[in-house]
Novice: 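Okay, handing you the structure first.
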Amino acid sequence: MENSEIARIFWQIAELLELKGENPFKIRAYQKVARNLEGLSQNLEEIYKKGGLAALEEVPGIGEAIASHIVELLKTGKVKKYRELLEEFPPSFIELMEVPGLGPKTALLLKKKFKIDSIKKLEKATAQGLLKNLPGFKEKKIENIRKGLELKKKVAGRYLLSEAGEFAEALISQIKKIKGVDKILPCGSLRRQKETIGDLDILVTSNRPQAVLDAFVKLPQVARILGEGPTKSSVILKNNLQADLRVLDPENFGAAAHYFTGSKLHNIAIRELAIKKGLKISEYGVFRGKKRIGGKTEEEVFKAVGLPYIPPELREGRGEIEAARAGKLPDLIELQDIRGDLQMHSKYSDGGNSIEEMAEAARKLGYQYIAVTDHTLSTRVAGGQTEKEFLKELEYIDKLNDRLKGFRVLKGVEVDILPDGTLDYKDAILKECEVVIAAVHSNFKMPKDKMTRRILAALKNKYVNLLSHPTGRLIGKRDPYEVDLEKIMKAAADTGTYLELNAHPERLDLNDAHCLRAKELKIKLSINTDAHSAGNLSDMKYGVATARRGWLEKKDVINTYPIDKLLKFLYAKR
DNA sequence: GCCGTTTTCGGCCCGACTGTTTTCAGTCG
């Protein structure tokens, strides 16, 4: 069972407990563990298999009660406590709380007075004007519920990091033009570079906050104003993305940036540390009693609680605070560390540019090498070549390299792993390549053990030095295929095969938690764009962002190595 | 329900905005 499935159950338990009016700290305990699980690098089921109950209780946020729920779930597929809660409140009722602005108190009231236990019934009741009979319900409140219902239908979940980044850039360029704007910084999950973004959180410092906020809500991109105050406004943009603008005094920049960047889990942990030191941290600074003792920079905030600066990508409450305290923060990889790109396609298969054009574009990015890795026969829809056609491509690359000075095009291939685990090209062909990337491109819906065996077989081939997009997911479009990734990773470690972090913004595969696990298992990765045109080579930044979220350092990523060292690593398996 | 560089019991981050209220509850991040 995946951690995310277990996390979802705990999220739901938390919501149900909220409806019951349970102790808020108990509710938070469930929320906290759910969040923790989403970022956990190891699979809980594995942890339990290996170390039993005791090992489960080692996981942060898991105590006696939650551990027993997990064991029950793993053994029987059910959790009694969860089922009992669900009997009281059906799933359709929980959905009510997904309506923006509608929380547990309101939901409960609606159920009590009008037996409303689904969004459909709520829509009907609003249309019939029933709600005005409720105590504390006047025109505006009813109007807000109506708008919330509309909004829920419209807002289609989360945007890809790449999309949200572009929206943010456009919005920021507008905000910059507003008079009185001092500093401006996109915060929230965008600054933490999460793979998907739910809303834009933008921080501005200014001495004239009201003027800035007034101008902000009048920007042409704004479709609707959700809330307006003297320090903060929330709007829905025309692209249906929510944007929150917070405007604070310039001297609060650091504290505000820290607060607004999150994550929530990280912020809570930092603020708890502050309390232990007799301090208080908020977006307005660091305080000892009423005296403000810092907050102009983020460094000051961390320093106040005795920590070095923690990069935003690490602020997920995944042990970064403990690591910081122990002086063991990773020295995160940076985009400039990348020296080449080991997966891309040319006109020889389904790419849009010639090999020479790809090389030229890569050189402009400051790279020293690329590997061209066109498709093999089975992916005929993607221009996959026969072995004979492929050998001609290799000949061409040799000739091209004679011409290129100070740059190297590596001979590569993205070879299909067929359903039975064999590869699409013979070893005699693979042997001619410097980079052999194995990948699954078909029969995604195999049973887990079969898919695992299929990939394991490919890893055993001594010419395969890289496994591409190991889970096959497309964010928001296709779930990862069923595979025992832990086994795959261990086999990668044993056989000396490297794993890919595919930098395509829709893939980001391996993901951040997988990267962390790979690092624990001492497996090296390669961050590749899988570019199908020269322009796609710039997707590398999304791969590096994910690697940073996965705590990876320069030395963990083979395409940061100079060419000689890289080749040694690539040939180590043969 | 979790957790411990004060604690195995008594804590648990901090503040903004809205709507309906005359001081606050609900929701959100």
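First the proteins, then the strands, lettered A, B, ... as listed; each starts at 1.
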Novice: Nearest heavy-atom pair of N502(A) and H469(A): which atoms, and what distance?
Specialist: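 Minimum heavy-atom separation between N502(A) and H469(A): ND2-CD2, 3.6 Å.
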Novice: Nearest of dG15(B), dT27(B), dC13(B) to any side-chain atom of I268(A)?
Specialist: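 The answer is dC13(B), which lies nearest to the side chain.
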Novice: Classify the nucleic acid contact of K232(A) as base, sugar-phosphate or nothing, counting any heavy atom under 4.0 Å across all strands shown.
Specialist: sugar-phosphate
Novice: For Y284(A), which contact category applies under a 4.0 Å heavy-atom criterion: base, sugar-phosphate, or nothing?
Specialist: sugar-phosphate
Novice: Identify which one of R318(A), K519(A), R548(A), K194(A) satisfies the salt bridge (charged side-chain N to carboxylate O under 4.0 Å, His left out) criterion when paired with D512(A).
Specialist: R318(A)
Novice: Need one value for K81(A): base, sugar-phosphate or nothing, where a base atom within 4.0 Å counts as base even if backbone is also close, heavy atoms only.
Specialist: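 The residue K81(A) makes sugar-phosphate contact but no base contact.
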Novice: At 4.0 Å (heavy atoms only), tell me whether P24(A) reaches a base, stays on the sugar-phosphate, or touches nothing.
Specialist: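 Nothing, no heavy atom under 4.0 Å.
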Novice: Quick one: is dT5(B) close enough that its OP1 or OP2 comes under 4.0 Å of any side-chain N or O from R325(A)?
Specialist: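 R325(A) to dT5(B) OP1/OP2: no side-chain N or O under 4.0 Å.
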Novice: Are S234(A) and dC28(B) close enough that a side-chain N or O sits under 4.0 Å from OP1 or OP2?
Specialist: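 So the side-chain polar atoms of S234(A) never come under 4.0 Å of the phosphate oxygens OP1 or OP2 of dC28(B).
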Novice: Look at T231(A) and dG15(B) and indicate whether a side-chain polar atom (N or O) is within less than 4.0 Å of OP1 or OP2.
Specialist: no
Novice: Mind checking if I270(A) touches a base, just sugar-phosphate, or nothing, with heavy atoms under 4.0 Å?
Specialist: nothing
Novice: Just to be sure I understand the rule, does L226(A) reach a base, reach only the sugar-phosphate, or reach nothing, if contact means heavy atoms closer than 4.0 Å?
Specialist: nothing
Novice: If each of K280(A) and F260(A) is mapped to the nucleotide of DNA chain B with the nearest heavy atom, which maps nearer the 5' terminus, i.e. the 5' end?
Specialist: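 Taking each residue's closest nucleotide, the earlier one in sequence belongs to K280(A).
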Novice: With V99(A) as reference, evaluate E123(A), E150(A), K147(A), K152(A) under the side-chain contact (heavy atoms from CB on, under 4.5 Å) test and give the passing residue.
Specialist: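 Between V99(A) and the candidates, side-chain contact (heavy atoms from CB on, under 4.5 Å) is satisfied uniquely by K152(A).
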Novice: State which residues pass side-chain hydrogen bond (donor to acceptor under 3.5 Å, both in side chains) with Y542(A); sequence neighbours excluded, sorted by chain then number.
Specialist: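 Partners of Y542(A) by the side-chain hydrogen bond (donor to acceptor under 3.5 Å, both in side chains) criterion come out as none, since no residue qualifies.
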Novice: For the side chain of N144(A) and the base of dG19(B), is some donor closer than 3.5 Å to an acceptor across the two?
Specialist: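 No such pair is found, so the answer is no.
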